[in-house]
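Only one structure is covered here, and it is reproduced in the block below.
Just so we're clear, the structure is a prediction, and the values are computed from it rather than from any experiment. Each ligand, and each atom within it, is numbered from 1 in the order the structure gives.
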Amino acid sequence: MSSTTPAVVTVTGAAGQIGYAALFRIAAGAMLGHDRPVRLRLLELPHAVSAAEGTAMELDDGAFEQLLSVDIFDDARAAFDGAEFALLIGAKPRARGMERADLLQANAAIFAEQGEVLNDVAAADLRVVVVGNPANTNAAIAAAHAPDIPPERFTALTRLDHNRAIAQLAHRAGCAARDISRVSVWGNHSPTQYPDIFHARVAGRSGADLATDRAWLVDDFIPTVARRGTAIIEARGASSAASAASATIDHIHDWVLGTESDDWTSAALPSPGVYGVPEGLVCSFPVRSVGGRWEIVSGLEINEFSRARIDASVAELAGEITAVGDLLPA
Ligand code: NAD
Ligand code: LMR
């Protein structure tokens with residue numbers, strides 16, 4: 001597809017806080033490139049359609065050169081018709097004191113239904129990123145309900161965790177984010193996730209070198225990254241929004257336009273059964289995007305320290321899938 005063919009982008013939860021932050025950057029070309037025209041399709045619950053209409057008015061007022069249209073729906077079948085990109089943000093967010101597991105049952109049904117509808121009406125080259133929590137398991141549920149769409153087109157967002165890990169490393173090393181590469185986030189988008197720096201490059205140093213300070217790694221770096229979502233909820237009284245929107249845009253941008261040649265990023269994809277992750281679990285891996293497809297970085301040595309942490313997060317993912325078993329097709 002030429003870069004000047006309009007892209008059809010459906011955003012669910014468009015009137016929510018992440019949707020509001022994402023839409024303007026998509027319209028401005030941050031996601032698909034400044035030369036790619038975009039048609040936005042916003043899906044909301046009926047009671048939030050009026051708010052989405054207000055957002056559409058503001059999008060209009062942005063006079064974005066590449067924004068061809070904004071349409072608003074409260075019906076998933078209409079909203080996903082012909083979608084090439086589905087940003088599945090719409091879901092109930094976590095409030096103070098809740099863990100992601102509390103959201104499992106509340107949100108899982110949404111993704112079963114949306115998977116079915118995407119299967120019926122989306123474009124043949126559909127790409128999906130699930131942001132609504134619990135994102136990994138919601139993506140697995142949607143993929144399971146879309147038997148005609150290749151499962152690897154269903155991804156979940158762990159780019160926010162990846163970006164958070166880079167930011168914390170930059171603070172530690174006193175360098176800029178651009179001086180850091182090859183960070184990996186493994187597992188679930190939850191406090192069990194494992195941000196892995198053993199293969200990272202940090203301003204000319206190896207991440208393994210930084211990791212020799214085990215007290216910092218175990219008591220500071222890993223929990224700060226893994227519990228950042230909770231810290232933000234405590235501080236703002238609402239879950240992260242602009243950073244989540246930015247990471248969602250980074251995810252699709254790199255998926256379509258490619259990762260830097262000497263770097264990789266992190267994304268949650270259905271496991272093909274590598275690195276000890278059972279096939280089908282939507283797990284975060286270090287990934288490169290080549291020719292518009294995610295490829296899991298192969299051949300990384302996983303030491304004992306990393307193995308235990310990856311296994312713990314994968315066990316949590318397996319438990320989530322068991323918990324929503326009644327929503328998976330037999
Ligand atoms: P929000 O409450 O501000 O907005 C959610 C919007 O989704 C609301 O406007 C609601 O009406 C809409 N919605 C709910 N169900 C819907 C459905 N079935 N179809 C269409 N729209 C629907 O929430 P938010 O802060 O924008 O967060 C959205 C989701 O993203 C939450 O689940 C949150 O936990 C999650 N999140 C994920 C990450 C990540 O890194 N994966 C980061 C931050 C937040
Ligand atoms: C985040 O990581 O900021 C979000 O997933 C919100 C949350 O529930 O932690």
Legend entry - Derivation of the side-chain contact (heavy atoms from CB on, under 4.5 Å) call for R201 and D262: CA-CA 10 Å; R201 296 174 178 168; D262 200 29; 3.0 Å; yes
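Around ligand 1 you find G13, A15, G16, Q17, I18, L43, E44, L45, A48, I89, G90, A91, K92, P93, R94, I110, Q114, V131, G132, N133, L157, L160, H189, S239, S240, A244, each with a heavy-atom distance below 4.0 Å.
Of the charged side-chain nitrogens involved, at least one lies within less than 4.0 Å of a carboxylate oxygen, so that E84 and R36 count as a salt-bridged pair. In this structure, D254 pairs ionically with R159, as a charged nitrogen and a carboxylate oxygen lie closer than 4.0 Å. A salt bridge does not link R77 to D81: none of the charged nitrogens lies less than 4.0 Å from a carboxylate oxygen.
Residue-to-ligand polar distances keep T230 apart from ligand 2: every N/O pair is separated by 3.5 Å or more. Polar contact with ligand 2: absent for S239 (N/O pair, distance under 3.5 Å).
Within the 4.0 Å heavy-atom criterion, neither part of R228 lies near ligand 2.
Ring planes of F285 and Y275: tilted class, angle from 30 to 60°.
Checked against the 6.0 Å centroid criterion, the rings of F73 and F80 do not qualify as a close aromatic pair.
With T155 contributing its side chain and V128 its backbone, the two residues share a donor-acceptor pair below 3.5 Å.
Scanning both residues, Q17 and S239, for their nearest heavy atoms gives NE2-O, 2.8 Å.
For T192, the side-chain hydrogen bond (donor to acceptor under 3.5 Å, both in side chains) criterion is met by S190, S313, E316, not counting sequence neighbours.
Below 4.0 Å from some heavy atom of G229 lie the following atoms of ligand 2, by number and element: 1 (C), 2 (O), 3 (O), 9 (O). Against a heavy-atom cut-off of under 4.0 Å, S240 is close to the following atoms of ligand 2: 1 (C), 3 (O).
Within the structure, the closest approach of N133 to ligand 2 falls below 4.0 Å when heavy atoms are considered. Using 4.0 Å as the threshold, R164 has a heavy atom nearer than that to some atom of ligand 2.
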